[in-house]
Amino acid sequence: MNGTGMKRALRAIDDFRRDVAEMAPHTIDLRELEMEVQRRLHTVGRELVTEVLQRADVKAPTVTYQGQQWGNRRESPGTYTSLFGEVDVLRSTFQRGGGGAVLVPLDVRLGIVEKRYTPQAARVLTRAIALMTAEEAAGFLAEAGVASVSKSTLHRVPHAIAARYEQRRQAINDELRESEEVPDDAVTVQVSMDGVMVPQDGEHTKPRGRKPSGPQAPPRHEQRYSVVAPSYPSREDGQSGRAWHEACVGTLSYWNARAEHLKTVYVARMPESGKGTVADELEDELHAALAQRPDLHVCFAADGNPTQWTLLEGISIRLPPETGEASYLLDFYHCAGYLEAAANAVHHDDAPAARVLARHWGDILLEQDDGAIRTLKAMRYHREQVPRGLRSNAMKKSIKFLANQARRGRLAYAEARRNHRPIGSGVVEAAAKTVVNVRMKRAGARFSQHGGQAVMLFRTAVLSDRFDRLSSCIERTYVSDVREAA
């Protein structure tokens with residue numbers, strides 16, 4: 001192995017130290033020197049990574065891979081992207097008899113991601129895209145001087161990795177759930193869902209930017225992994241320009257005996273008919289948690305959306321037999337909104353009085369086991385005093401909604417508080433903001449179905465404290481055993 005490059009790199013560090021020793025203290029530019037240190041250390045890093053890559057290469061004339069022998073060994077140059085920049089390596093390639101696919105043992109032994117990126121470099125790219133736009137990430141990585149790549153690379157590579165994940169989603173998620181630990185002091189697990197609008201291009205939107213000069217090949221992730229999402233709402237919405245469609249977020253959150261929030265697992269999917277994927281993933285998460293801790297009380301919580309409640313109640317029907325009784329709660333904030341609407345109808349010219357009445361009804365719900373019956377009775381009494389018209393219609397709407405929630409057992413706030421359980425779905429409401437709004441609702445932003453899902457995948461992994469484990473699971477799918485043929 002030629003060590004000339006490493007000798008030059010180390011000599012450059014010695015030269016730098018000598019140059020600094022000769023500088024007058026008042027002339028030192030710390031920022032410029034710090035950047036120069038990084039440049040020279042990155043040169044050393046690239047040389048070391050080159051040695052690692054070359055060590056994994058195979059020089060034998062034939063190898064065994066996936067039960068077959070590969071021969072016709074040749075050497076070809078390859079470029080890899082590492083934390084320290086691009087590395088050029090002369091590596092062995094093999095083919096089976098008759099030609100066809102090319103095997104690069106170095107790639108599959110080390111788990112090179114998408115045929116070019118070291119696993120750690122790929123992690124940097126996917127975490128970056130979870131936290132910021134590709135443009136912001138490109139600027140940040142360039143400033144940090146770590147795995148500095150172009151904006152187009154920050155679009156392309158996470159999309160490809162996310163497509164690979166989608167092909168193996170069930171197996172990878174099962175592995176993640178098996179390694180997930182329920183907090184020791186958890187007594188309640190709350191399951192929630194919520195909808196959130198995301199910006200997409202409508203079906204008839206004209207291509208942005210320069211018009212393509214000819215037929216365009218499918219995106220690289222589709223060429224490699226096929227079409228991930230063949231059907232989705234924005235593909236059949238008949239809209240032009242930016243169109244909004246409802247994505248879905250779900251949370252599985254843990255709470256202790258003092259009703260203190262401990263931990264949350266986040267799930268999110270781009271718009272799809274029925275929101276069934278989020279419900280399926282939440283159900284799998286819940287079953288994995290109950291397998292560890294069958295003593296957990298399960299609480300289902302959401303706003304008044306009927307589709308979400310149908311899905312949550314479907315999950316409750318399929319709870320393991322050893323699970324105790326589950327509970328259901330309408331998010332108290334949404335409940336309070338209907339109380340306020342009704343109180344405003346009663347005292348439409350007296351805002352302070354309306355606030356007092358709404359708060360009174362809320363206190364009854366929070367403090368008395370028969371609070372729903374008492375509150376609805378009081379609301380119906382006031383309804384008779386309200387003149388017909390818009391105010392009366394507002395009263396009827398609030399009463400009808402809350403009566404329906406009461407019949408379904410979703411207004412038992414006093415019991416929940418007595419048992420130190422959460423009475424709101426604030427965790428999933430916050431999830432809609434942190435997963436989607438903060439990251440995806442920028443000025444002029446819009447997302448393809450798969451591009452948006454790639455962001456959601458890595459962002460929910462970060463928020464769930466699963467990013468490292470998810471990355472490890474995906475990285476292992478790039479690794480295979482290659483042996484020198486006997």
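The figures that follow rest on heavy atoms only: side chains count, while hydrogens, waters and symmetry mates do not. All values reported here derive from a predicted model rather than from experimental measurement. Residue numbers start at 1 and run along the sequence shown.
With 3.5 Å as the limit, one finds no donor-acceptor pair spanning the side chains of Ser253 and His261. When only modelled atom types and interatomic distance are considered, Thr434 and Tyr266 share no side-chain donor-acceptor pair under 3.5 Å. Between Arg74 and Thr93, the side chains place no donor N or O within less than 3.5 Å of an acceptor N or O (distance only, hydrogens not considered). Side chains of Arg293 and Tyr254: no donor on one and acceptor on the other come within 3.5 Å. Defined by atom type and a distance below 3.5 Å, a donor-acceptor pair is missing between the side-chain atoms of Thr133 and Arg442. Donor-acceptor pairing under 3.5 Å is recorded for the side chains of Arg46 and Thr43.
Between the His297 side chain and the Glu325 main chain, a donor and an acceptor come within less than 3.5 Å of each other. Of the possible donor and acceptor atoms, one in the side chain of Lys441 sits under 3.5 Å from a partner among the backbone N and O of Met197. Of the possible donor and acceptor atoms, none in the side chain of Glu136 sits under 3.5 Å from a partner among the backbone N and O of Leu131. With hydrogens and angles ignored, the 3.5 Å screen pairs a side-chain donor or acceptor of Gln308 with a backbone N or O of Gly195. Proximity of a side-chain donor or acceptor of Trp70 to a complementary backbone N or O of Val102 within less than 3.5 Å is not detected. The backbone N or O of Ala130 sits less than 3.5 Å from a side-chain atom of Arg459, completing a donor-acceptor pair. For the pair His287 (side chain) and Arg318 (backbone), a donor-acceptor distance under 3.5 Å is present. A distance-only check finds no donor-acceptor pair linking the side chain of Asp194 to the backbone of Val249 [under 3.5 Å]. When atom types are taken as modelled, the side chain of Glu285 and the backbone of Val265 share no donor-acceptor pair closer than 3.5 angstrom. Distance alone, capped at 3.5 Å, is enough to place a donor-acceptor pair between the Ser82 side chain and the Gly85 backbone.
For Asp185, the CG atom is densely surrounded, since the number of other residues' heavy atoms within 6.0 Å is greater than 12. For Glu34, the CD atom counts as loosely surrounded, since its 6.0 Å shell holds 12 or fewer non-hydrogen atoms of other residues, nucleotides or ligands. By the 6.0 Å contact criterion, CD on Glu181 is open, its count of non-hydrogen atoms from other residues, nucleotides or ligands being 12 or less. In this structure, Glu322 places its CD atom where more than 12 heavy-atom neighbours from other residues, nucleotides or ligands lie under 6.0 Å away. Heavy atoms of other residues, nucleotides or ligands lying less than 6.0 angstrom from CG of Asp184 number 12 at most.
Expressed to the nearest 0.5 Å, how far CD of Gln292 lies from CD of Glu178 amounts to 10.5 Å. Note that the CG atom of Leu176 and the CZ atom of Arg466 stand 5.5 Å from one another [nearest 0.5 Å]. Considering OG1 of Thr126 and CD1 of Ile161, their distance stands at 5.5 Å, rounded to 0.5 Å. Note that CZ of Arg439 and CZ of Phe447 are 5.0 Å apart. Values are rounded to the nearest 0.5 Å. Here the straight-line distance linking atom CZ of Arg91 with atom CG of Asp107 works out to 5.5 Å at 0.5 Å rounding. Put simply, CG on Leu90 and CG on Leu53 are 12.0 Å apart, with the number rounded to the nearest 0.5 Å.
Side-chain contact check for Leu470 versus Tyr165: some heavy-atom pair is nearer than 4.5 Å. Using a 4.5 Å heavy-atom cutoff, the side chains of Thr460 and Val267 are not in contact. A 4.5 Å side-chain heavy-atom check between Tyr338 and Gln405 finds every atom pair outside the cut-off. At a threshold of 4.5 Å between non-hydrogen side-chain atoms, the residues Arg220 and Val157 do not count as touching. Looking at heavy atoms from C-beta onward, Pro422 lies in side-chain contact with Thr188 at the 4.5 angstrom threshold.
One finds a salt bridge joining Glu166 and Arg169 here, because a Lys/Arg side-chain nitrogen approaches an Asp/Glu carboxylate oxygen to under 4.0 Å. With salt bridges taken as basic N to acidic carboxylate O contacts below 4.0 Å, one links Glu36 and Arg39. Salt bridge absent: Arg168 and Glu175 never bring a charged side-chain N and a carboxylate O closer than 4.0 Å. Between Glu114 and Arg156, no side-chain nitrogen of the basic residue sits less than 4.0 Å from a carboxylate oxygen of the acidic one, so the salt-bridge criterion is not met.
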_Ile13 vs Leu41, side-chain contact (heavy atoms from CB on, under 4.5 Å): CA-CA, chis, key distance, verdict_ = CA-CA 8 Å; Ile13 292 176; Leu41 289 177; 3.9 Å; yes
*asked:* Applying side-chain contact (heavy atoms from CB on, under 4.5 Å) to Gln120 and Glu475, what does each step give before you reach the verdict?
replied: CA-CA 10 Å; Gln120 188 59 34; Glu475 288 158 12; 6.0 Å; no
*Apply side-chain contact (heavy atoms from CB on, under 4.5 Å) to the pair Phe332 and Leu366, showing each step before the final yes or no.*
CA-CA 9 Å; Phe332 186 74; Leu366 291 172; 3.8 Å; yes
*Could you go through the side-chain contact (heavy atoms from CB on, under 4.5 Å) check for Ser234 and Met270 one step at a time?*
CA-CA 10 Å; Ser234 67; Met270 286 290 281; over 6 Å; no
*Could you walk me through whether Ser472 and Arg123 pass side chain to side chain donor-acceptor pair (under 3.5 Å), step by step?*
CA-CA 9 Å; Ser472 294; Arg123 286 197 189 197; 2.8 Å; yes
*asked:* Using side chain to side chain donor-acceptor pair (under 3.5 Å), reason through Tyr333 and Asp303 one step at a time and then give a plain yes or no.
replied: CA-CA 9 Å; Tyr333 176 83; Asp303 59 22; over 6 Å; no
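Residues Tyr80 and Val104 share a closest heavy-atom pair of OH-CG1, 4.1 Å. Listed here is the closest heavy atom pair of Leu282 and Ser192: CD1-O, 3.5 Å. Of all heavy-atom pairs between Glu203 and Gly238, the closest is OE1-N, 2.8 Å. Across all non-hydrogen atoms, the minimal contact from Ser480 to Gln66 is OG-NE2, 4.5 Å. The nearest pair of heavy atoms linking Thr205 to Ser240 is OG1-C, 3.7 Å. Counting all heavy atoms, side chain and backbone alike, Ala60 lies closest to Arg73 at O-CD, 3.2 Å.
With Ile315 as reference, Leu286 is the one residue of Val298, Asp284, Leu286, Asp280 to meet the side chain to side chain contact (heavy atoms under 4.5 Å, CB included) rule. Gln200 pairs with exactly one of Arg446, Gln449, Arg242 by the side chain to side chain donor-acceptor pair (under 3.5 Å) rule, that one being Gln449.
Ring geometry for Phe300 versus Tyr328: interplanar angle under 30°, hence parallel rather than tilted (30 to 60°). Aromatic ring pairs are classed by plane angle as parallel below 30°, tilted from 30° to 60° and perpendicular above 60°; the pair Phe458 and Phe467 is perpendicular.
For the pair Arg164 and Tyr478, the cation-pi test (distance below 6.0 Å, angle within 45°) is passed.
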